[in-house]
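Each remark here refers to the structure printed beneath this line.
Numbers here simply count residues along the sequence, with the first being 1. No experiment lies behind these values; they were computed from the predicted model shown.
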Amino acid sequence: LGAVLIVVLSSVLWVALPVRVDRPAIDPAAAGFGAWLLRGVYGFDPTTNCFPSAHCAIAVYAAIGLRFSSRGLFGWGIVTAVLVCISTVLTHQHYVADVLSGAVLAMLCAYGTAVRRRPPH
């Protein structure tokens with residue numbers, strides 16, 4: 001339910017508040033897998049991005065969901081979500097505000113959809 005809420009709310013905000021990100025040009029002489037991958041991302045991804053960042057929100061939401069698993073898996077989820085958030089800013093896919101608002105949206109959805117347990121009688 002939380003993941004659906006994230007996608008729906010992000011989509012509504014994307015239509016209502018489109019954010020344009022002008023990306024830096026990639027040096028045509030740049031070689032390697034990273035340059036190839038970034039050219040592909042830039043080619044398929046529109047420059048009007050989502051506020052908040054839906055994929056950062058989903059990564060954070062998934063990491064929060066791992067809190068009931070082992071500590072190692074939860075830690076891996078948190079590190080992975082942080083790296084996803086950082087990489088979207090460094091590759092100019094989103095602004096910092098997009099990423100932070102996505103993380104806040106994920107936390108709100110995780111809190112709002114949490115199953116409340118009744119105390120034993």
Side-chain angles (χ1 to χ4, degrees):
L1 178 62
V4 172
L5 285 172
I6 288 169
V7 171
V8 168
L9 290 172
S10 295
S11 297
V12 168
L13 288 171
W14 179 70
V15 171
L17 303 168
V19 177
R20 180 169 167 79
V21 178
D22 292 323
R23 299 183 185 127
I26 301 171
D27 182 6
F33 177 74
W36 172 83
L37 183 62
L38 198 54
R39 282 187 192 98
V41 168
Y42 283 7
F44 289 106
D45 192 31
T47 58
T48 303
N49 286 300
C50 195
F51 174 84
S53 171
H55 60 280
C56 290
I58 292 295
V60 171
Y61 183 74
I64 292 169
L66 291 173
R67 71 188 180 279
F68 299 117
S69 64
S70 68
R71 281 187 172 176
L73 191 56
F74 177 58
W76 174 82
I78 294 296
V79 168
T80 303
V82 167
L83 290 174
V84 166
C85 293
I86 290 171
S87 70
T88 59
V89 173
L90 293 179
T91 57
H92 300 276
Q93 298 296 310
H94 288 284
Y95 293 114
V96 173
D98 302 341
V99 172
L100 291 177
S101 61
V104 169
L105 177 61
M107 289 182 243
L108 291 172
C109 285
Y111 177 77
T113 60
V115 176
R116 308 287 189 260
R117 296 191 175 127
R118 290 185 185 179
H121 296 282

- Could you tell me which non-hydrogen atom of D27 sits nearest to which non-hydrogen atom of R39, and how far apart they are? O-NH2, 3.0 Å

- Item | Closest non-hydrogen atom pair between G77 and L66, with its separation | CA-CD1, 3.9 Å

- Quick one: list whatever passes side-chain contact (heavy atoms from CB on, under 4.5 Å) with L83, sequence neighbours left out. V79

- Atom OH in Y111, atom CD1 in I64: separation rounded to 0.5 Å? 13.0 Å

- Message: So T113 and Y61, do their side chains get closer than 4.5 Å, heavy atoms only?
- Response: yes

- Query: For the side chain to side chain contact (heavy atoms under 4.5 Å, CB included) test, which of I6, L105, V99, V82 pairs with C56?
  - Reply: V99

- Query: Which heavy-atom pair separates A81 from A59 by the least distance, and what is that distance?
  - Reply: CB-O, 3.6 Å

- Message: List the residues meeting side-chain contact (heavy atoms from CB on, under 4.5 Å) with T91, not counting sequence neighbours, and say none if there are none.
- Response: L38, Q93

- Task: Calculate, to the nearest 0.5 Å, the distance between atoms CZ and CD1 belonging to R71 and I78 respectively.
- Result: 13.5 Å

- Can you measure from CG (L13) to OG (S101) and round to the nearest 0.5 angstrom? 8.0 Å

- Message: Checking the side chain of S87 only, and the main-chain atoms of V84 only, is there a donor and an acceptor separated by less than 3.5 Å?
- Response: yes

- Item | Connected via hydrophobic side-chain network under 4.5 Å: F74 and W76 | yes

